[in-house]
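Below: one structure, written as structure tokens.
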Amino acid sequence: MSASALRAQVSQWGRGCSRTYGWTSYQSLHSSTTCRAASKEHVKVLVLGGGSGGITMSARMKRKVGAENVAVVEPSEMHYYQPIWTLVGAGAKTVESSGRPTASVMPSGVRWIKSKVSEVSPDTNSVRTDCGKEITYEYLIVALGLQLHYERIKGLPEGLDHPKIGSNYSRKTVQKTWKALQDFKEGNAVFSFPNSPVKCPGAPQKIMYLTDAYLRKTGKRSSATITYNTSLPVLFGVKKYADALWEICKARDLNVNLRHNLVEVRPDKQEAVFEHLDKPGETKVFQYEMLHVTPPMGPLDVMKGSPLADGAGWLNLNKETLQHQLYPNVFGIGDCTNLPTPKTAAAVAAQSAVLDRTISRVMEKSQPDKKYNGYTSCPLVTSYNTVILAEFDYNLQPQETFPLDQGKERRVMYHMKADFMPHLYWHGMLRGLWGGPAPYRSVMHLGMK
Ligand code: FAD
Ligand code: UQ1
């Protein structure tokens, strides 16, 4: 399939979706349950979390077992396409474009239990919600995402109320990044990467490249020093893409300090304090005119204490089948899992196809036969019109979809990130129709030979 055929396929999926998302039209499409204390329910397939992984899997499960046999526990009224926040922070997209009501993405007929999971008891096949409702299940899919921990940095989260600090990682603070960028006059622009797993590990540096581009466009670059302080020992985990990014940093005069971890923000003095992870106790203060914070991240509290978690609190899965290591009727997807690959929506898409198959096999009482290879992808935005499209697997080997050298900055990849991916997400992935590019990869490469 060629790139244009792929585009045509997505627009075909989008067609049935042109019904309007007015409250009345989508409210009637599924049943939603609000909390009634001490009530009990039973469902065949229970999905925890209605984010990227939860909605995608509920659409797939609806096809498999019927909408009336699927329920999703999700507290939030709004569903966000988080990958676009990188461009929102740089003023290239609006935050409004990133969100749609959860009701509009919930597959019709699927029961939406609008509350938070507070306890998971896999030994009795039950979960409890924050208002005391008990839900029993036959099969459980955990898609709870992760938690942001701004509070682990001294001076935050209150510091985020001050100007000159932004963070693309939260709906509440992403527009502050754009404000700080517009208000920048002269001085240091500082970017952090925490000492924890993160979702989309490229995002903390993408906003640096966009800042550089914006300051060049507005004639302020010569009055700015740009510094990326990362806790990691590398700029990016895959050598091919790391090499390309180092070249860009050199060419654009972007300073990179490895093993530097943000520990304190002093917004009144515009100071950010970083510790050197290889020299315990040694800290360095960076004066800033603009600071972009990527917060530490970790598993949800409800996961940490649960029998489903590994020692670190992540959902303990078989990394190929996505079935739980101890509970065969429990499965997982996305940021809440301990799968050893970067946490991205692209990974969720690829995982959804494998998990769909694994669950079918388990329901038929046979062995899972499809294997997830760790596929993940990170469109590394390097300016307002270029992207390096990183795609790789568990072994950190590139798994490129297109028959081009994806280690180069390309305009076409920027359009894919900014314009095509949101459609693929809303109309393909969330409807359970997009399971990642693997089926197209060999055809794409063949087509160009
Ligand atoms: P989420 O989509 O976060 O969903 C988790 C859901 O669980 C949420 O709806 C939440 O409300 C719900 N929940 C939380 N607590 C409870 C509870 N107690 N009970 C019930 N429900 C609960 N990915 C890419 O592929 N490409 C990119 O370019 C990219 N860029 C990114 C840039 C930024 C700035 C950010 C923040 C993310 C980016 N990502 C990107 C990552 C991507 O958005 C996530 O990996 C993806 O959304 C993970 O899906 P998920 O379902 O695991 O988690
Ligand atoms: C992808 O499948 C996906 O999920 C919808 C993303 O999330 C937004 C991505 O950023 C990328 C790059 C992919 C991979 C898709 C292709 C066509 C390479």
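Every number for a ligand or one of its atoms is a count from 1 in the order of the listing. Please read all numbers here as calculations on a predicted model, not as lab measurements.
Listed by number with element, the atoms of ligand 2 under 4.0 angstrom from any heavy atom of T401 are 18 (C). Listed by number with element, the atoms of ligand 1 under 4.0 angstrom from any heavy atom of S52 are 2 (O), 46 (C), 47 (O), 49 (O), 51 (O). Proximity to L144 (heavy-atom distance under 4.0 Å) selects the following atoms of ligand 1: 5 (C), 7 (O), 14 (C), 16 (C), 17 (C), 19 (N), 20 (C), 21 (N), 22 (C). Taking every heavy atom of K343 and a limit of under 4.0 angstrom, the matching atoms of ligand 1 come to 45 (O). Counting atoms of ligand 2 from 1 in the listed order, those under 4.0 Å from a heavy atom of Y81 are 8 (C). Counting atoms of ligand 1 from 1 in the listed order, those under 4.0 Å from a heavy atom of G50 are 9 (O). Proximity to V117 (heavy-atom distance under 4.0 Å) selects the following atoms of ligand 1: 17 (C), 18 (N), 19 (N), 20 (C). Atoms of ligand 1 found under 4.0 Å from any heavy atom of T86, numbered from 1 in the order shown, are 32 (C). If you number the atoms of ligand 1 from 1 as listed, the ones under 4.0 Å from a heavy atom of E74 come out as 6 (C), 7 (O), 8 (C), 9 (O), 10 (C), 11 (O), 12 (C).
Of the listed residues (P83, A346, S52), the one carrying the non-hydrogen atom nearest atom 1 (C) of ligand 2 is A346. Nearest-heavy-atom check against atom 21 (N) of ligand 1 across G332, P75, S377, A390 picks out P75.
Taking only nitrogen or oxygen atoms, main chain and side chain alike, K206 reaches within less than 3.5 Å of ligand 1. Polar contact check, S377 against ligand 2: no nitrogen or oxygen pair lies under 3.5 Å apart.
Counted by atom type alone, T386 and Y209 present zero donor-acceptor pairs between their side chains at under 3.5 Å. Side-chain atoms of K62 and S108 include a donor-acceptor pair closer than 3.5 Å.
Ligand 2 lies out of reach of K417, whose nearest heavy atom is not under 4.0 Å from it. At least one heavy atom of L389 sits less than 4.0 Å from an atom of ligand 2. Residue contacts with ligand 1 leave out Q147, since none of its heavy atoms falls under 4.0 Å from the ligand. Residue contact check for ligand 2: Y375 places a non-hydrogen atom closer than 4.0 Å to it. Using a non-hydrogen distance threshold of 4.0 Å, P379 registers as a contact of ligand 2. The shortest heavy-atom distance from W434 to ligand 2 is under 4.0 Å.
Nearest protein heavy-atom neighbour of atom 53 (O) of ligand 1: G145 CA, 3.5 Å. Among protein heavy atoms, the minimum distance from atom 45 (O) of ligand 1 is reached at D335 OD1, 2.9 Å.
In this structure, the side chain of S121 does not engage the main chain of V127 through any donor-acceptor pair within 3.5 Å. No donor-acceptor pair closer than 3.5 Å links the side chain of E289 to the backbone N or O of F184.
Ring centers of F420 and W434: at least 6.0 Å apart, outside the cut-off.
None of I388, D405, V387 except one satisfies the side chain to side chain contact (heavy atoms under 4.5 Å, CB included) rule with R410; the exception is D405.
Shown here is R411, whose CZ atom has no more than 12 heavy atoms of other residues, nucleotides or ligands within 6.0 Å.
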